[in-house]
Amino acid sequence: MEKIKRGLLTFSLMLLSVLAGCISINQPTQNQTLSSPVAVDVTWNTDMKPGTFYAEVDGVNVTAKFNLSAYRTATASLPLANGAHQLKAGGELWYFYTQGYSSTATYRDFNVHTQLPSLNFSNPSPITLNAGATVNLGVTTPAPVSSPLVVTLTPNNANIALGNAPAGTAHAITVAAQQNNAAETLRGVQAGAATVRASASNYQDATISVNVKPVISALNPNTGAPSSAVTINGQGFVAGASARFGNTPGATSFVSSNQLQTTVPSGLSGMVTVTVQAGGQTSNGVSFTVTASTPGLVVFRSGEGDVQAFDYTTSSASLIGSRSATLSPGMQVVGLSFNGSGTLVRASSGDVQTFGVNAAGQLAPGATISATLSPVGASVVALTNQVIRSSASDVQVFSLNGTALALQGAIGASLSSSGSAVDTTVISGRRLAVRVYGGGIEVFDITTPSAITLRGRNQSGALSPTGVGVKIDGTRAVRVHASGVEVYDLTSANPSLVASNVSGALSSTGVAVAADQNLGRIVRAYNGGIEFYRLIGTTLQRIGARGGALSPTGVAVALSGNRVFRAESGGVEEYDISNPISIPQPTRTNASLSSTGVGIALR
């Protein structure tokens with residue numbers, strides 16, 4: 001029994017001594033494939049006799065390359081060629097059962113595969129550029145090359161072009177000896193995504209992504225109504241491209257890489273941004289103004305608290321735009337406009353009417369909004385051979401032969417009891433001013449700046465006690481009221497009275513306004529005087545005045561280009577009517593509104 005115990009003890013000590021004397025190769029692991037240089041890590045778990053550690057690779061001693069630590073560890077970094085290798089590590093370890101050092105060693109098989117150096121692009125990925133635009137595409141090597149290196153750049157499609165090569169074809173560049181970079185021009189051709197691959201002998205390839213965006217250069221036209229056609233000019237368009245008006249797509253047809261045809265979608269108004277989506281890319285945005293269907297005749301009516309736009313394209317008149325919503329109940333002035341092609345438009349407190357006028361002066365009723373006419377007021381349009389007068393429920397056409405007046409045609413018969421209006425014309429080289437009022441028509445010669453001469457009259461009643469009219473005639477303003485005709489010089493800031501034919505007291509009420517075609521002058525007339533305004537940029541400025549107190553009532557409106565000027569008892573307002581459907585807040589010189597009045601302008 002004692003012999004058995006001693007035998008077991010001896011076996012246990014031998015086992016412990018064997019376990020204690022183990023050398024391990026932790027790195028590389030068995031059959032591992034590594035890049036050179038190879039990191040090696042060897043450990044052992046008992047004391048090693050100093051100076052006995054050694055290591056071999058493929059039978060070659062590499063012990064000197066190892067660092068030994070005090071914690072039974074040896075590490076090294078071994079530069080090795082491609083292929084299979086064997087590492088051997090050994091030394092003399094302490095064995096307890098022998099109470100001495102014994103040699104031991106271990107082996108590890110592994111592989112080395114050295115990777116090729118990589119080409120790289122110096123540009124960040126992805127590259128984003130517009131069609132037609134270029135960028136410099138840079139290629140680099142990890143280190144300067146010893147001899148010239150040819151690098152081939154290959155695009156994967158025709159969305160881009162490299163150097164002077166056709167779109168979608170390969171192009172070669174050269175990295176010069178002792179350099180590590182080269183560059184070539186990359187050009188966006190058509191919208192979409194692309195890649196460029198760089199390759200060279202004994203180097204790993206590199207790839208970069210490219211996004212080419214379509215470009216809008218112009219919209220023709222840049223305004224239009226729903227369903228109207230728009231041509232989009234630009235670059236980089238592809239089949240399947242689509243135009244968007246804001247967030248709404250428009251029906252789009254591909255014409256060429258430089259042009260698309262689209263249609264303004266319905267349900268839009270005002271300014272929107274048009275973009276093109278092509279090849280998964282979105283273009284720049286260009287402003288487009290969506291208007292109402294282009295009317296052949298637009299009428300602007302102004303009252304005490306309102307400016308309205310009416311479409312008279314067809315015989316069915318319709319309100320298409322408005323600023324404010326309340327018309328004053330006591331409008332006292334009838335406005336009359338003529339579009340030069342045989343259409344007469346008249347407005348009053350609750351009524352807008354059109355009339356057809358033929359060469360013989362015959363009148364035919366047209367479209368009508370509402371049916372309530374003002375009981376008082378007068379207006380006139382003077383042509384080269386006709387005078388058209390409107391008042392209350394009456395429209396008349398007079399022939400104007402020199403200064404002789406003869407009634408040609410009329411609709412209605414009741415003349416208003418009050419009101420004054422003026423228009424000017426040129427006949428046989430003479431400048432004439434035509435004044436209308438409740439009871440008649442008068443023609444004055446104002447050719448000579450300092451004189452006014454009555455040339456003709458068709459008077460059927462007394463002068464009206466109220467009403468004011470004004471007309472800009474070159475550098476002069478002609479004002480009429482119940483008592484006569486006046487001519488003012490507008491060449492200076494304060495209008496000066498140069499001629500007058502006043503037969504009595506001034507009218508008690510009334511406001512009128514006129515504007516010349518280049519917006520250089522805006523004139524407001526009222527019962528006690530006249531004022532001179534200028535539109536400077538978007539600011540309406542009062543330049544000068546002549547006269548006294550403002551009348552308590554009256555409204556008038558004048559049109560010049562895309563501007564409507566409204567005059568009333570307390571000031572002048574300027575409206576931008578570029579889009580009649582949406583009339584913005586006006587520019588004001590005064591905020592006091594008159595209680596009554598109506599004015600009309602036509603384009």
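Worth knowing before you read on, the calculation uses all heavy atoms, side chains too, and leaves out hydrogens, waters and symmetry mates.
- With hydrogens and angles left out, the side-chain atoms of N61 and E56 include no donor and acceptor closer than 3.5 Å.
- Screening residues 61-80 for salt bridge (Lys or Arg N to Asp or Glu O under 4.0 Å) gives D47-R72 as the qualifying pairs, with residues at least two apart or on separate chains.
- For the pair V40 and F66, the minimum side-chain heavy-atom distance is below 4.5 Å.
- You'll find the side chain of V196 reaches within 4.5 Å of the side chain of F121, heavy atoms only.
- Proximity of a side-chain donor or acceptor of D41 to a complementary backbone N or O of T73 within less than 3.5 Å is not detected.
- Taking CD of Q204 as the reference point, atom OG of S199 lies at 12.5 Å (rounded to 0.5 Å).
- A donor-acceptor pair is defined here as one N or O able to donate and one able to accept, closer than 3.5 Å; no such pair exists between the side chain of S24 and the backbone of N26.
- Looking at Q190 and N159, their side chains do bring a donor and an acceptor atom within 3.5 Å of each other.
- Residues K213 and T128 have side chains in contact (heavy-atom distance under 4.5 Å, counting atoms from C-beta outward).
- Of the possible donor and acceptor atoms, one in the side chain of N284 sits under 3.5 Å from a partner among the backbone N and O of I216.
- Minimum heavy-atom separation, V210 to L129: CG1-CD2, 3.7 Å.
- No side-chain donor-acceptor contact under 3.5 Å links T273 to the backbone of G246.
- Every ring pair (Phe, Tyr, Trp, His ring centres under 6.0 Å) that F245 has, sequence neighbours left out, goes to F288.
- Here R108 pairs with nothing under the salt bridge (Lys or Arg N to Asp or Glu O under 4.0 Å) rule; sequence neighbours left out.
- Residues P249 and R244 form a side-chain contact, since some pair of their non-hydrogen atoms from C-beta on lies under 4.5 Å apart.
- Counting only heavy atoms from C-beta outward, the side chains of N120 and V139 never approach each other to under 4.5 Å.
- Note that CG of N136 is 5.0 Å distant from OG1 of T185, once rounded to the nearest 0.5 Å.
- Taking each heavy atom of P155 and T169 in turn, the nearest pair found is CD-O, 3.3 Å.
- For Q32 and T29, the side-chain atoms include at least one donor-acceptor pair closer than 3.5 Å.
- Under a 3.5 Å cut-off, the side chain of S36 and the backbone N or O of L80 do form a donor-acceptor pair.
- Between T195 and S209 the shortest side-chain heavy-atom distance falls below 4.5 Å.
- Using a 4.5 Å cut-off on side-chain heavy atoms (C-beta onward), Q281 and P214 make contact.
- Between the side chain of K88 and the backbone N or O of Y107 there is no donor-acceptor pair closer than 3.5 Å.
- Note that CG of L153 and CD1 of I173 are 4.5 Å apart. Values are rounded to the nearest 0.5 Å.
- Separating the OG1 atom in T262 from the CD1 atom in I232 is a distance of 5.0 Å, to the nearest 0.5 Å.
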